[in-house]
Amino acid sequence: MISYLNGELAAVEKEKVIVEVSGIGYGVFMSSRSFDLLPPVGNKIKIHTYMNVREDAVQLFGFLTKEELDFFKLLITVNGIGPKGGLGILSKLSVDELRFSVLSGDVKAICKAPGIGKKTAEKLIIELKDKLDIEEVLNHAEGTASAQVSTVKDEAHTEAIQALVALGYGNAESLRAVKAVALENPTAEDILKEALKKMM
C-alpha cells in the first residue's frame, strides 16, 4: 500500500500527474480541482494516495490533503461509486461543499458531478449522512470562515439550513446565515426568519 508520494512533479498529463520519487515516475490520477492547485513542473510535491488494485491494473489516485483523501474513501464506500466516480465528484465539489450537500440533502448539487444521476446522489446522501457528524462539520466550517459566528448546536439550526437550501440558497451561504443568528432557544422557524433577513 502506497500512502503518499513525496517527490518532484515531473509532468502533468490530461487526467494524471507524474511524480518522480527516487528515480521512479508514479502516474497519479487527480481531480481537476487538485490540478488547479499544483505547483509548476519541477517543484517538490507531496500527494496523499489511494491505491486501487484491479485484475487488469493497479491505479493510484492522489489528493493534496489528507482530508480530501479521507472523504474520497467515504465516497467509494457507496455502492455504484468507484474511484473514478469519486474523483469526478471531488472535481465538481469541494470537501466542505460535499459535506453540506450530504447533510442538507442537496441532490441537485451532487448531480453536477459527471456520471452521477439522481438515484446515485440520493443513495450517496442516505449512506453518508450517518457517517458525518453535523457538529464536526459546522465547527470545521467555523474554523475556516473569517466571520465570527455562533456555533450551531441543535436540530432547529439544521432544519433552518435545510429550509434555506430548499429555497434555492447555496449550502455555504445558508450555513453562514444560520450561524450568524443569535437567539435564545429559537425554533427552526425563528432561525429561518432571522437568517432570511440577513440574506436579503
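Because the structure is a prediction, the values reported are computed rather than measured. Along the sequence shown, residues carry numbers from 1.
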Please name the pair of heavy atoms, one in Ser91 and one in Ser32, separated by the smallest distance, quoted to 0.1 Å.
OG-N, 3.0 Å

Derivation of the salt bridge (charged side-chain N to carboxylate O under 4.0 Å, His left out) call for Lys119 and Glu122
CA-CA 5 Å; Lys119 286 185 178 179; Glu122 288 172 344; over 6 Å; no

Are Leu128 and Ile125 side-chain neighbours, meaning at least one heavy-atom pair lies under 4.5 Å?
no

For the residue pair Leu124 and Ile89, establish whether any side-chain heavy-atom pair is separated by less than 4.5 Å.
yes

Rest of the hydrophobic cluster containing Ile126 (Ile/Leu/Val/Met/Phe/Trp/Tyr, side-chain heavy atoms under 4.5 Å)?
none

I need the Leu64 CG to Leu69 CG distance, nearest 0.5 Å.
11.0 Å

Do you know which two heavy atoms are closest between Met30 and Val17, and how far apart they sit?
SD-CG2, 3.6 Å

Salt bridge (charged side-chain N to carboxylate O under 4.0 Å, His left out) assessment of Glu127 paired with Lys123
CA-CA 6 Å; Glu127 292 190 24; Lys123 188 189 297 182; 5.4 Å; no

Could you work out, with salt bridge (Lys or Arg N to Asp or Glu O under 4.0 Å) as the rule, every residue matching Lys66, not counting sequence neighbours?
Asp70

Can you tell me how far OG1 of Thr120 sits from CD1 of Ile110, rounded to the nearest 0.5 angstrom?
10.5 Å

Look at the side-chain heavy atoms of Ile, Leu, Val, Met, Phe, Trp and Tyr, link any pair under 4.5 Å apart, and say whether Ile45 and Val21 land in one connected group.
yes

Contact between Val181 and Pro186 at the side-chain level, heavy atoms closer than 4.5 Å - yes or no?
no

Minimal non-hydrogen separation, Leu5 against Ile2, with atom names:
CD2-CG2, 3.8 Å

By salt bridge (Lys or Arg N to Asp or Glu O under 4.0 Å), which residues pair with Lys84, not counting sequence neighbours?
none

Compare every heavy atom of Ala188 with every heavy atom of Glu159, then report the nearest pair and how far apart it is.
OE1-CB, 3.5 Å

Do Ile161 and Phe100 have side chains that get closer than 4.5 Å, going by heavy atoms?
no

Roughly how far, to the nearest 0.5 Å, is CD of Gln59 from CG of Leu87?
10.5 Å

Is the side chain of Ser101 donor-acceptor paired with the backbone N or O of Asp106 at a distance under 3.5 Å, no angle test?
no

What one should report as the nearest heavy-atom pair of Ile18 and Gly25 is CG2-CA, 4.0 Å

For side-chain contact (heavy atoms from CB on, under 4.5 Å), just list the numbers for Glu68 and Ser34, CA-CA rounded to whole Å, side-chain angles, deciding distance to a tenth of an Å, and then say yes or no.
CA-CA 10 Å; Glu68 192 178 18; Ser34 294; 3.6 Å; yes

Audit row: Val58, Met51, side-chain contact (heavy atoms from CB on, under 4.5 Å) steps and yes/no
CA-CA 7 Å; Val58 176; Met51 189 164 68; 3.8 Å; yes

Within the 4.5 Å heavy-atom criterion, are Phe29 and Leu60 side-chain neighbours or not?
no

Under a 3.5 Å distance rule, please check whether Thr49 uses its side chain to pair with a backbone N or O of Ser3 as donor and acceptor.
yes

Determine whether Leu90 and Leu98 make a side-chain contact, defined as any pair of heavy atoms from C-beta on separated by less than 4.5 Å.
yes

Going by heavy atoms in the side chains, are Ile47 and Phe63 under 4.5 Å from each other?
no

In residues 7-16, what donor-acceptor pairs under 3.5 Å come from side-chain atoms, sequence neighbours left out?
{"from": "Glu13", "atom 1": "OE1", "to": "Lys16", "atom 2": "NZ", "distance (Å)": "3.2"}

Backbone of Val178 reached by a side-chain donor or acceptor of Glu194 within 3.5 Å:
no

Supply the atom-to-atom distance Glu67 CD to Ser94 OG, rounded to the nearest 0.5 angstrom.
9.0 Å

Only pairs under 3.5 Å count here: list side-chain donor-acceptor contacts from residues 71-81, not counting sequence neighbours, and write none if there are none.
{"from": "Thr77", "atom 1": "OG1", "to": "Leu74", "atom 2": "O", "distance (Å)": "2.5"}
{"from": "Thr77", "atom 1": "OG1", "to": "Lys131", "atom 2": "NZ", "distance (Å)": "3.3"}

Nearest non-hydrogen partners of Gly88 and Pro114, listed with the distance
O-CD, 3.7 Å

What pairs meet the salt bridge (Lys or Arg N to Asp or Glu O under 4.0 Å) rule with one or both residues in residues 31-45, with sequence neighbours excluded?
Arg33-Glu97

hydrophobic_cluster_shared for Met1 and Tyr26, side chain cutoff 4.5 Å
yes

